[in-house]
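What follows is one structure encoded as structure tokens, with my remarks underneath.
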Amino acid sequence: MESKEEIKKDKEPIISIRGLYKSFDELDILEDVNIDIYRGENLVVMGLSGAGKSVLIKIIIGLIPPDKGTIKVLGRDITKLKGKELDAVRLHIGFSFQGSALYDSMSVRENLEFPLRMNRKKLTKQEIDAEVAEVLEAVGLKDKIDVMPADLSGGQRKRIGIARTLILKPEIMLYDEPTAGLDPITSDEINQLINSVQQKYNTSSIIITHDLTCAKTTGNKIGMLLDGTFKKVGTFDEVFNPKGDKEVEEEIKHFYNYNFIE
Amino acid sequence: MTRRSPRKYFINRAIDNYFMGVYKAWSFIKRFLSEAVKPPYHFREIVHQCYEIGIKSLPLITLTGFVTGMVFTKNSRPSLVEFGAASWLPSLMTIAIVRALGSLVTALICAGKVGSSIGAELGSMRVTEQIDAMEVSAINPFKYLVVTRVIASTITIPILSLYCSFLALMGSFLSVHSNEAASVKSFFLNGFSTITFLDVFASLTKSIVFGFTIGIIGCYKGFNASQGTLGVGRAANQAVVISMFMIFIEEVIIVQIANWIRYY
């Protein structure tokens, strides 16, 4: 992984969001969100519950349509894509759900094989087996191949969820609260896994989290989503030591009970 | 995050929501019709769903069909005997079973068993984000989950209806045989002498319509479930209630159409 300060920015951002608005019924959730994510970057999005963090990544992958704005992923405006064109872009994006979203009726092997069988129909049985073994190796759960999701622990479910996204070799990873509900040791393992995935598969990531350790360990860049927009974007130290910006400092202090560095 | 002024409705919230619901259901059916004819076709999943719907419903259909035929015959016999018309029993029972009971009983059982199962399964997949997980993996969840289940129920329920009718006739025969010592041949010759092609055709058409109704309503409710586990229970419950309601309405309409054709 490139060091946090040494991200070499390509000319074109891998994800570019401009003027994004989204509301649900009477609530404006996202208001004028603008951000760029470059190749190799890990953006950690933090903010209050209900601030629209998960909505943001679901808009990026086209699960929720925005009210206004453009979201360019790999140079293509996701808001204008439908059907096969949208699916073609989605194949470059991995999405790790908060609850893992493993298919209950399928074993770990079938969960991993399913996206491959549906998207790469020409692969032989041996090739599929090799791909499954590779991603299970990457998440360190090779021995769980024939286990049903119900028999996995929370941390193992998260790992298999990540493995299922990796099997399509994405360029971008979106993690929705990867450490939520996990103990500190398992959380740390997931944080290390996120970093090793970036290293091994050379992905760019957006990580939604409330966990400061996760943010510090995995993020090159932290985006503080407050009142529907990114109030502060920068490195961990820049965001959590916003000299001169009293408003942001107060909000961060209030939300995260964070002791600012003098 | 800011709160805007309350949303304005055309009439009021309840009526607007009702018409939105009708529009959404119609759009869902239209989407099914358009997706069902477009490749790729998930034949393996259709066969799997036929097994889930058909084979797994067999024990219940077997018992219900047989008992329905037997009990219906036992209850009808005394009235016919009173008028000295016990010999009409085979034809009366065959008409009742072929025209109405076979398809209706099967549809009601499947509405309960299959409709609730589809509603709960898809509902739970929706609230645990498994449907979203398919979508982000570039898999069309509508095609894989909805189209396959609706096609499977449309194929399987008519077959189950035929099976149920056959068992009901066997139950009826055993009941007649125990009292009148009628042979199998005489029972069926007598019974089927009153049955026309229109009766069989109308019954089969009904079963196909019932199968489609059960599949599409179960899928619609499950696919659009929300509000967590409460939503899953609600989806399963509504799938059964609405399917049964629609089955009775369709029964009346198809019987009426068959009668028009029969008498004019």
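Below, chain A is the first sequence line, B the second, and so on; all start at residue 1. This one's a predicted model, so the numbers in the text were calculated from it and none came from an experiment.
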**Study point:** Heavy atoms of other groups near A:Tyr103 OH, more than 12 under 6.0 Å
**Key:** yes
**Study point:** B:Glu129 side chain reached by A:Lys58 side chain, heavy atoms, under 4.5 Å
**Key:** yes
**Study point:** Whether over 12 other heavy atoms sit under 6.0 Å from A:Lys200 NZ
**Key:** yes
Practice item. Could you grab the distance from atom CG of A:Asn111 to atom CD of B:Gln130, nearest 0.5 Å is fine? Key: 8.0 Å
**Study point:** Heavy atoms of other groups near B:Tyr41 OH, more than 12 under 6.0 Å
**Key:** yes
Exercise for review: Find the one option among A:Leu30, A:Ile61, A:Leu225 whose heavy-atom pairs under 4.5 Å with chain B are most numerous.
Suggested key: A:Ile61
Point to revise | When B:Pro40, B:Ser124, B:Ser137 are compared by non-hydrogen pairs under 4.5 Å with chain A, the top option | key: B:Ser137
Study note, to complete from the structure: Minimal heavy-atom distance between A:Pro115 and B:Ile139, with the atoms involved, is CA-CD1, 4.0 Å
Check your understanding: Given side chains that start at C-beta, do those of A:Phe95 and B:Asp132 come closer than 4.5 Å, heavy atoms only?
Key -> no
Review point. By a 4.5 Å heavy-atom criterion (distance strictly below it), what part of A:Lys84 contacts chain B: side chain, backbone, both, or neither?
Key: neither
Point to revise | Under 4.5 Å from any heavy atom of chain B - which part of A:Ile93 | key: backbone
Practice item. Determine the minimum heavy-atom distance between A:Asn119 and B:Ala138, stating which atoms define it. Key: OD1-O, 3.4 Å
Practice item. Please look at A:Leu102 and chain B and tell me whether the side chain, the backbone, both or neither of the residue comes under 4.5 angstrom of a heavy atom of that chain. Key: backbone
Practice item. State whether the number of non-hydrogen atoms from other residues, nucleotides or ligands found under 6.0 Å of B:Lys143 atom NZ is greater than 12. Key: yes
